[in-house]
Number of protein chains: 2
Amino acid sequence: MKDLHSLLQTTSLKATPQRLTILKTIDDAGHISIEDIYNEIKPIFPSISLATVYKNIHSLKDENILAEIHLQNSKPKYEIKKQPHGHFICKTCNQVYDFELQNVCNPNLNEIGVINESEVYLYGICKNCKG
Amino acid sequence: MKDLHSLLQTTSLKATPQRLTILKTIDDAGHISIEDIYNEIKPIFPSISLATVYKNIHSLKDENILAEIHLQNSKPKYEIKKQPHGHFICKTCNQVYDFELQNVCNPNLNEIGVINESEVYLYGICKNCKG
DNA sequence: GTCCATGCAAACGATTTGCATGCGT
DNA sequence: ACGCATGCAAATCGTTTGCATGGAC
């Protein structure tokens, strides 16, 4: 948990137990929704409020510590910001896999504009499920 | 509008004036949110209800006539399903450009699984805005 | 001690639902 | 004529806000 603590010290946000637990929960899960964060924390930290989770997610996003991802048919999920990467979602087990993102290059794109940022979601069946 | 009518006939959905107008509005706009569909239609079809728009979007999505796209910091938008393509969003003028999607191939992906479907969002500045 | 964070409850906005009526087939 | 579609209003759900109290720095 020490590294999450120092991660917070790079921002103006205070390292409260609630905030640290939220970060740890996201880090452990990889990708997780607000409700699931709340449900995970509630049993071990009963006083926590859903509003606190929402407020924290916002401030952590504003400080660029979290990224928000939008998968088909689900509420937004959050992850600790790392190197840019794509997401592969298995439609059978719903697991989300991160993968390294090559440049999505396409000659047509030069005629459209200049890219700063990309979000790539691939859906399919993972090796585990394919058997 | 005749082609939208026959598009509906490929499904079990009835070709009501409301439904046809919704489809035409989406087709004209390219990518549009539910509220904006409603606001576009309301003046020329005052009796239409927001609930009707919602219900239709759902049934059209279920029939695979519409695709839902999620752009950063905005409500979901809808488009008529066409060939698979990516979206380039200009962060200056907010215009959405469709572009042909090459295979996003990455050696690492073979170790993860098999891809059926992909969603690619690229953000940047378009030629018009870059000047 | 200061200022930000928390937790609660109330407010809000977006979406869904139930139901009576209307309309496409 | 049948069954789905519409439009309204009410219900519901997710998210935000205001405010008094508590805790990190």
Side-chain angles (χ1 to χ4, degrees), chain A residues 1-2 4-26 32-63 65-66 68-78, chain B residues 1-2 4-26 32-63 65-66 68-78:
Chain A
M1 197 103 114
K2 193 81 205 78
L4 294 177
H5 198 286
S6 36
L7 181 61
L8 280 179
Q9 284 171 343
T10 68
T11 72
S12 58
L13 302 174
K14 289 178 181 169
T16 65
Q18 288 89 337
R19 187 165 283 154
L20 284 165
T21 311
I22 289 171
L23 275 176
K24 182 172 172 3
T25 305
I26 299 172
I32 187 169
S33 70
I34 290 198
E35 260 224 87
D36 287 348
I37 294 171
Y38 177 69
N39 290 331
E40 293 251 332
I41 296 182
K42 190 77 185 174
I44 52 174
F45 204 140
S47 76
I48 201 163
S49 147
L50 191 47
T52 298
V53 180
Y54 275 101
K55 286 171 186 168
N56 271 290
I57 293 295
H58 282 143
S59 37
L60 291 166
K61 248 199 342 166
D62 290 348
E63 294 284 352
I65 289 189
L66 294 184
E68 188 178 62
I69 65 179
H70 294 271
L71 310 183
Q72 287 175 4
N73 312 314
S74 64
K75 305 262 142 202
K77 290 190 168 34
Y78 299 87
Chain B
M1 198 105 113
K2 192 80 205 78
L4 294 176
H5 196 287
S6 36
L7 181 60
L8 280 179
Q9 283 172 344
T10 67
T11 71
S12 57
L13 302 173
K14 289 178 181 170
T16 66
Q18 290 89 335
R19 187 165 284 155
L20 283 165
T21 311
I22 289 170
L23 275 176
K24 181 171 173 4
T25 305
I26 299 172
I32 187 169
S33 69
I34 290 199
E35 261 224 86
D36 287 349
I37 295 171
Y38 177 70
N39 290 331
E40 294 250 331
I41 295 182
K42 190 80 185 174
I44 53 174
F45 205 141
S47 76
I48 202 165
S49 146
L50 191 47
T52 299
V53 180
Y54 274 100
K55 285 172 186 166
N56 271 291
I57 294 295
H58 282 141
S59 35
L60 291 166
K61 250 201 338 169
D62 290 347
E63 294 285 352
I65 289 189
L66 294 184
E68 188 178 59
I69 66 179
H70 294 272
L71 310 183
Q72 286 175 4
N73 311 315
S74 65
K75 306 260 140 202
K77 290 189 169 33
Y78 300 87

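Below, chains carry the letters A, B, ... as their sequence lines are ordered, and counting in each starts from 1. Computed from a predicted structure; not experimentally measured.
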Atom pair distance, as rounded to whole Å: CG in Leu13(A) and P in dC3(C):
17 Å
Heavy-atom donor-acceptor pair, Lys14(A) side-chain to dC3(C) base, under 3.5 Å
yes
In whole angstrom, what separates Glu68(A)'s CD from dG14(D)'s P?
16 Å
Hey, could you give me each pair passing salt bridge (Lys or Arg N to Asp or Glu O under 4.0 Å) that has a residue in residues 39-59 of chain B? Not counting sequence neighbours.
none
dT15(D), OP1 or OP2 - any side-chain N/O from His58(A) closer than 4.0 Å?
no
Expressed in angstrom and rounded to an integer, what is the separation of Leu50(B) atom CG from dA9(D) atom P?
13 Å
Take the protein atom CD of Gln9(B) and the nucleotide atom C1' of dG24(C), then report the distance between them rounded to whole Å.
11 Å
All side chain to side chain donor-acceptor pair (under 3.5 Å) counterparts of Ser33(B), not counting sequence neighbours
Asp36(B)
Report the residues that fulfil side chain to side chain donor-acceptor pair (under 3.5 Å) with Ser12(B), sequence neighbours left out, ordered by chain and then residue number.
Glu63(B)
Under the rule for side chain to side chain donor-acceptor pair (under 3.5 Å), what residues qualify as partners of Glu35(B), not counting sequence neighbours?
none
Nucleotide dA5(C), atom P - distance to CD1 of Ile57(A) in whole Å:
14 Å
Expressed as a whole number of angstroms, how long is the span from Lys75(A):NZ to dT16(D):P?
11 Å
Nearest-Å distance for atom pair CG/P, residues Leu20(A) and dA5(C)
13 Å
Is a side-chain donor or acceptor of Arg19(B) paired with a backbone partner of Lys14(B) at a separation under 3.5 angstrom?
yes
Identify the pairs formed between an N or O of the protein and an N or O of nucleotides 6-8 of chain D at a distance under 3.5 Å, and give each distance.
residue, atom, partner, partner atom, Å
dT6(D), OP1, Thr16(B), OG1, 2.7
dT6(D), OP2, Asn56(B), ND2, 3.0
dT6(D), O3', Gln18(B), NE2, 2.8
dG7(D), OP1, Gln18(B), NE2, 3.2
dG7(D), OP1, Ser47(B), O, 3.2
dG7(D), OP1, Ser47(B), OG, 2.8
dG7(D), OP2, Ser49(B), N, 3.3
dG7(D), OP2, Thr52(B), OG1, 3.2
dG7(D), O5', Ser47(B), O, 3.3
dG7(D), O6, Lys55(B), NZ, 2.5

Residues at least two apart in sequence or cross-chain that pass side-chain contact (heavy atoms from CB on, under 4.5 Å) with Asp62(B), listed by chain then number, are none
Between dG14(D) atom P and Lys77(A) atom NZ, what is the distance in whole Å?
13 Å
